[in-house]
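Side chains are part of it too, since the values below use all heavy atoms of this structure and drop only hydrogens, waters and symmetry mates. Ligands are counted one by one from 1 in listed order, and the atoms in each one are counted from 1 as well.
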Amino acid sequence: MSQSIESHLNEKRVFKPTKQFSKAARIQSLEQYRQMWEESIKRPDKFWGREAAELQWQKKWTKVLDWKEPYAQWFVGGQINVSENCLDRHLNTVRQNKAAIIWEGEPGEKRVLTYQQLFREVCRFANVLKRNKVKKGDRVLIYMPMIPEAAVAMLACARIGATHSVVFGGFSSDSIRDRIADCKAKLVITTDGGYRRGSIVPLKKNVDDALREGAHGVQKVIVYRRAGNEVHIEEGRDVWWHREMDYVDGHCPAEALDSEHPLFILYTSGSTGKPKGILHTTGGYLMQAYATSKYVFDLRDEDVYWCTADIGWVTGHSYVVYGPLACGATSLMYEGAPNWPENDRFWRIIEEYSVSVFYTAPTAIRAFIRWGDQWVKKHDLSSLRLLGSVGEPINPEAWMWYHQVIGGGRCPIVDTWWQTETGAIMITSLPGAVPTKPGSATLPFFGVDPAIVDEKGQEVGPNVGGKLVIRKPWPSMLRSIYGDKARYKKTYWSEVKGCYFAGDGARRDKDGYFWIVGRIDDVLNVAGHRLGTSEVESALVSHPAVAEAAVVGRPDELKGQGVVAFVVLKSGMIVEPHLREELRQHVGQVIGPIAKPDDVRFADALPKTRSGKIMRRLLKEIASGKAVTGDTTTLEDLSIIAQLTANND
Ligand code: 7RM
């Protein structure tokens, strides 16, 4: 739930780290944090140089940072391989036979892959990619459910220097097609299907549909058999994962890659146009994914760490796969829904595997609250020692419930603010050092220099709302929007001079704590998923009955924001009863189920100013059932308001 500044200004509770937690933590006090943060800002070369020395480099860098705004190069001249750091580095240690991935399928299967086993699978699959003509620099699209093979596919790409682009399994064939076209993927890795709430999602069929129309450069599709559902196999194009694995051996040296070699492209919604391909590179990304996993989750060898994000989101990249594995941690993966077969699935998993660090999203926490404490109470959660939150502002009520009911009052909560673009955590508490306040992401991570600025780009004082910006480059920052440098520059580096503009509004309190309010651009945050209003609008307009559409968000108790669509039909079309549902389904098909509008309202026209701008402020008020306030004098046709407000069923 996006909070208003007024609502969280009243939050006065402070939770100090317990002595017991601090004593064992890497960063043990606020003073230690402050000292290290100062150093990281004043002497980034020294700070990051020391951190980077913990990773395995094939060639040492000559310069930590080369910054020519808005382009950063980190660890210039260095060569490093992400998969080598996540796998090989742990092999000749006691971690060799430690669980790298513990997996549970939705129907209940269980698998454990040790570092040795994961290493072998990745090497073999990397050879499968080579066998199928994938070369360093090629793009590979991954469209898979949450199974260990998804991580194997990502790490195998990283091993040979292919750039992966993971598409969330909940996205439609249209989304796959757009992304294939944009990144010019040469190969697709998918499965026959995946499980979600007891039914099978036809992933391979969606890939087939995506490849049916239009020109594309996809030469091969590798299919892993997961669900056993029947699939079409296109001779000459489609090959089975298990068959291919029989042809190759387990020897595959990790390619020496430049620090700035592209590791992945991940598409995310912006305020205009189609989703942008956020480009991340190798050395700096790995550095910050590693350092944040180490300091924020304070991972140690005994931990069973569980991040519930899907690998289709950046959180799944950085905190299911790359960060924890670079730390040599045990990362738990679960394939399915939290309420399958019953509402206690997550608590069952935590109890069964003795999960000690748990990282999830506020939208999930609010659903758990609604389902009731009885589902939690059935299970022993005493293994938990640390909780994390990500994806949207966490409202203090949800924070308190998480702390008391899930954490038993003893686990610190790290509320981690970051974005697809930032690659890794940026604002967060460190669990042994920073006192927390419910609803605040607290203080910047090492090397991160955020500020709140006003319209003119001037830093504002305590408790004044403004734009959240980052004033210095950081190792895991995006390097560009794939194929569109101009848009990169315009979106992120031209709003506030000399700063990265995040698109969020926030304030900073007198203790320097950051309180994120939410997006201030036309990006919605629906159940922790980013969605551009313009994306949903173009999906609606692609329906034959629709002439024009405007989409806004409205506060939603569970999802944070809900989607409300205002639709004008083409002339001659009448509002038939089935049309509302048909439009919802249509959006679901074009983008994916998460984008389906919660409410569709019809009108003869949209409220516009005389210069033709849609009055979104007004639509937002109508969507949330508020009275229309403020200036409507610029509105072209006043009767529209009455129509839109009345159309409220
Ligand atoms: C990691 C991720 C990014 C947007 C971001 C914010 C919101 C994320 C928090 C948060 C308040 C948080 N990447 N956001 N984390 N807001 N507190 N701890 O979510 O690219 O998908 O979304 O999410 O608005 O700009 S993302």
Next on the checklist: Taking the ring centre of each residue, are Phe446 and Trp474 less than 6.0 Å apart?
Outcome noted: no
Checklist entry - Can a salt bridge be assigned to the pair Arg471 and Glu459 using a cut-off of 4.0 Å between side-chain N and carboxylate O? => result yes
Checklist entry - Does the pair Asp484/Lys276 count as a salt bridge with the N-to-O cut at 4.0 Å? => result no
Checklist entry - So which protein residues pack against ligand 1 under 4.0 Å, heavy atoms counted? => result Val314, Thr315, Val390, Gly391, Glu392, Pro393, Asp415, Thr416, Trp417, Trp418, Gln419, Thr420, Asp504, Ile516, Arg519, Asn525, Arg530
Checklist entry - So, do Tyr500 and Tyr492 have ring centers that fall under 6.0 Å from each other? => result yes
Checklist entry - Is the NZ or CZ atom of Lys485 positioned over Tyr71's six-membered ring, under 6.0 angstrom from the centre and within 45° of the axis? => result yes
Checklist entry - Taking Thr282 for the side chain and His261 for the main chain, is one N or O donor matched with an acceptor at less than 3.5 Å? => result yes
